[in-house]
Participant: 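The structure under discussion is supplied below as structure tokens; questions concerning it will follow.
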Number of protein chains: 2
Amino acid sequence: MASSDEGLRDPVNGVGRGGSARRRVAVPSVAERVADELRYQLAEGMLVPGTRLTEAAIAEELGVSRNTVREAFAELASERLVVRHPNRGVFVATLEAGDIHDVYTVRRAIEVSAIRGGGTPEGIAAVRAAVEEGKRAAAVEDNEGLGSANQHFHGAIVALAGSRRLDTIMSHVLAEMRLFFHKASVDAHFYSGYLTENDEICSALEAGKLDRAGELLHAYLDRSEAQQRAVHGE
Amino acid sequence: MASSDEGLRDPVNGVGRGGSARRRVAVPSVAERVADELRYQLAEGMLVPGTRLTEAAIAEELGVSRNTVREAFAELASERLVVRHPNRGVFVATLEAGDIHDVYTVRRAIEVSAIRGGGTPEGIAAVRAAVEEGKRAAAVEDNEGLGSANQHFHGAIVALAGSRRLDTIMSHVLAEMRLFFHKASVDAHFYSGYLTENDEICSALEAGKLDRAGELLHAYLDRSEAQQRAVHGE
DNA sequence: ATCGCTGAATTGTTGAACAATCCGACATTT
DNA sequence: AAATGTCGGATTGTTCAACAATTCAGCGAT
């Protein structure tokens, strides 16, 4: 390990945030770093949905105060990554029956709306870049890379709208999906089939056929939802 | 005053929540009640955007601990009602240049998407009910009632999608707008012009002309945005 | 088997304390 | 006079210890 024996990672530069020589002016607060750490563990599948998170345990494990853990919990709860049961504790969020549909309803709303708005040339270029990123990952059979490329693709689509609020909503939704569908991402050809579809959507977008792109994207999300429902019970 | 000399209101039944004889099973936590109180003051325009909220002052004023106020702040910050400036304090959120467009971008995305999904007969009935509520308010020239009827209308539209997540997103957006546009709501004929338009949208929805309803709603939001931008600087 | 009790564990909340940080006022320098 | 440097007060960020409130599992009584 780089820093201490246990607890939080580098306050200034996170894990995957290398490269930028400029330092952050304001170091994120401890509570924020705790939230980041937990978010990381959640996304990485180290914390299985349904697990109970006791304040004292995490406080000691990360070497921070209980109150600070509490603040981090509040943040994660607002992102629906954990659920607070009053007087019972916080639990890693679990997927109820209708939640898959719910999540995809949000995605359909904001993604389709964003792509129908067109966006700037730079924005479209970012979408294209994500498609190419996916192709490269597929060429090396890098499943993890394929998954994140897919997320970049959809993130780039939402970014077309140029709305801070939509961006954060999307990032929350994607975080939820990472948590829930972590197991599914190990499937080899799970995303591979989407590659050509993403390309098609991107081409329609580049050609200015926005309605067409929107329809394709909508259909894509419908199919993706069905697939996820098939994988997980229901 | 009903309860104590100062501080929070009734823990069990809020202020506008009268009528229901059934008590809440789980009394909301103190932090939540603090958040509710602040939300109320924000929506009511008692707290002007840009105002600084010092923890100690609010803690004493509401008779709670500073840590509890902190938790409430975290919740409000996640809803963008207040902004945290590290080591400087939290301030009532202010409206930056592009934020009006940003908020309306979110609304266009989720409202149009929701109405294009159609929804259940009960959902459509709720939309119609909101339209009638607006007409009644207009008949009595109840501006405040007109404003809230309008919010009910748009809330009912989003509810068509039947998505918990979209509902909470919409409620946050509406809370933001209440905070920002509070002054504008005093304008007499601000919403009155929208009445017939809401009716038209609702009729299209009832007739199953979803695309048409979506277009009308989209145009409505565009115009509403332009109007708000005209009222507020920019 | 159901009900109620009891006790351990955890959460919710408080109050106090301290370091870190920011801000304004004042002093210094050029 | 303007820019710079320094200091002190005020507020936030964080920790710690304590206590009340609540949940839950186990146990015993009916």
Side-chain angles (χ1 to χ4, degrees), chain A residues 3-12 23-38 47 50-78 81-94, chain B residues 3-12 14 23-38 47 50-78 81-93:
Chain A
S3 49
S4 60
D5 50 350
E6 63 177 0
L8 303 168
R9 28 188 120 259
D10 189 317
V12 182
R23 292 211 173 171
R24 270 202 182 172
V25 289
V27 174
S29 73
V30 176
E32 195 124 1
R33 281 191 280 148
V34 171
D36 283 344
E37 173 63 24
L38 292 177
L47 266 33
T51 308
R52 175 171 185 183
L53 302 177
T54 56
E55 298 179 352
I58 293 184
E60 195 193 5
E61 184 181 345
L62 267 51
V64 300
S65 163
R66 239 184 85 208
N67 281 341
T68 303
V69 174
R70 222 141 206 293
E71 278 196 48
F73 279 169
E75 189 167 334
L76 296 177
S78 82
L81 295 181
V82 304
V83 184
R84 277 194 119 114
H85 288 246
N87 288 315
R88 293 180 22 95
V90 315
F91 300 79
V92 179
T94 61
Chain B
S3 49
S4 60
D5 50 349
E6 64 178 359
L8 303 169
R9 25 188 123 261
D10 189 318
V12 183
R23 291 212 172 170
R24 270 202 182 172
V25 287
V27 173
S29 73
V30 176
E32 196 125 0
R33 281 192 279 148
V34 171
D36 284 344
E37 174 63 25
L38 291 176
L47 266 31
T51 308
R52 176 173 186 180
L53 302 177
T54 56
E55 299 179 350
I58 293 184
E60 195 192 5
E61 185 181 345
L62 267 53
V64 299
S65 164
R66 203 159 68 89
N67 281 336
T68 303
V69 174
R70 219 140 208 295
E71 278 196 48
F73 279 170
E75 189 167 335
L76 297 177
S78 82
L81 296 180
V82 303
V83 183
R84 277 193 118 112
H85 288 246
N87 288 315
R88 293 179 24 91
V90 316
F91 300 79
V92 179

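Values reported hereafter were calculated over all heavy atoms of this structure, with side chains retained and with hydrogens, waters and symmetry mates removed. By convention in this document, chain letters (A, B, ...) are assigned in the order of the sequence lines, proteins followed by strands, and residues within each chain are numbered from 1.
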Participant: Between P on C/dT14 and CZ on B/Arg70, what's the gap in Å once rounded to a whole number?
Facilitator: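 Going from B/Arg70 (CZ) to C/dT14 (P), I get 15 Å.
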
Participant: Quick one: A/Leu62 CG to D/dT15 P, roughly how many Å, whole number?
Facilitator: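 So the two atoms are 10 Å apart, to the nearest Å.
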
Participant: Ignoring backbone atoms, establish whether A/Thr54 has a side-chain N or O less than 4.0 Å from OP1 or OP2 of C/dA9.
Facilitator: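 No, because none of the side-chain N or O atoms of A/Thr54 sits under 4.0 Å from OP1 or OP2 of C/dA9.
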
Participant: D/dT12 C1' sits how many Å from B/Arg66 CZ, rounded?
Facilitator: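 Distance check: B/Arg66 CZ to D/dT12 C1' gives 6 Å.
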
Participant: Could you tell me the separation between the CZ atom of A/Arg33 and the P atom of D/dG13, rounded to a whole number of Å?
Facilitator: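 One finds 14 Å between P of D/dG13 and CZ of A/Arg33, rounded.
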
Participant: Select from B/Ser65 and A/Val90 the residue whose nearest nucleotide in DNA chain C is closer to the 5' end of that strand.
Facilitator: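 Nearer the 5' end of the strand: A/Val90.
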
Participant: Quickly work out the A/Glu71 CD to C/dT13 C1' distance and round it to whole Å.
Facilitator: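 Whole-Å distance recorded here is 14 Å.
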
Participant: How long is the straight-line distance from CG of B/Asp36 back to CD of B/Glu75, given to the nearest 0.5 Å?
Facilitator: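 Between B/Glu75 CD and B/Asp36 CG, I get 7.5 Å after rounding to 0.5 Å.
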
Participant: Could you please name the option among D/dT11, D/dT14, C/dT13 that lies closest to any side-chain atom of A/Asn67?
Facilitator: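 Nearest listed nucleotide: C/dT13.
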
Participant: Expressed in angstrom and rounded to an integer, what is the separation of B/Glu60 atom CD from D/dT11 atom P?
Facilitator: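 After rounding, the reported distance stands at 12 Å.
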
Participant: I need the CD-P distance between B/Glu55 and D/dT11, as an integer number of Å.
Facilitator: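 Answer to the nearest Å: 11 Å.
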
Participant: Of all the choices, D/dT11, D/dT15, C/dT14, which nucleotide is nearest to the side chain of B/Val30 once you look at every atom?
Facilitator: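 Nearest listed nucleotide: C/dT14.
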
Participant: Report the nucleotide, chosen from C/dT11, C/dT13, D/dT12, that has the shortest atom-to-atom distance to any side-chain atom of A/Arg52.
Facilitator: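 The listed nucleotide nearest to A/Arg52's side chain is C/dT11.
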
Participant: Tell me, with the steps shown, if A/Leu38 and A/Ile58 meet side-chain contact (heavy atoms from CB on, under 4.5 Å).
Facilitator: CA-CA 9 Å; A/Leu38 292 177; A/Ile58 293 184; 4.2 Å; yes

Participant: For a 4.5 angstrom cut-off between non-hydrogen side-chain atoms, does B/His85 reach B/Val83?
Facilitator: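 A side-chain contact under 4.5 Å exists here.
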
Participant: Does A/Asn87 or B/Arg84 map to a spot on DNA chain D nearer the 5' end, using the closest nucleotide for each?
Facilitator: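 With A/Asn87 and B/Arg84 compared, the 5'-side residue is B/Arg84.
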
Participant: Any chance you could measure B/Thr68, atom OG1, to B/Leu62, atom CG, to the nearest 0.5 Å?
Facilitator: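 Those atoms lie 10.5 Å apart.
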
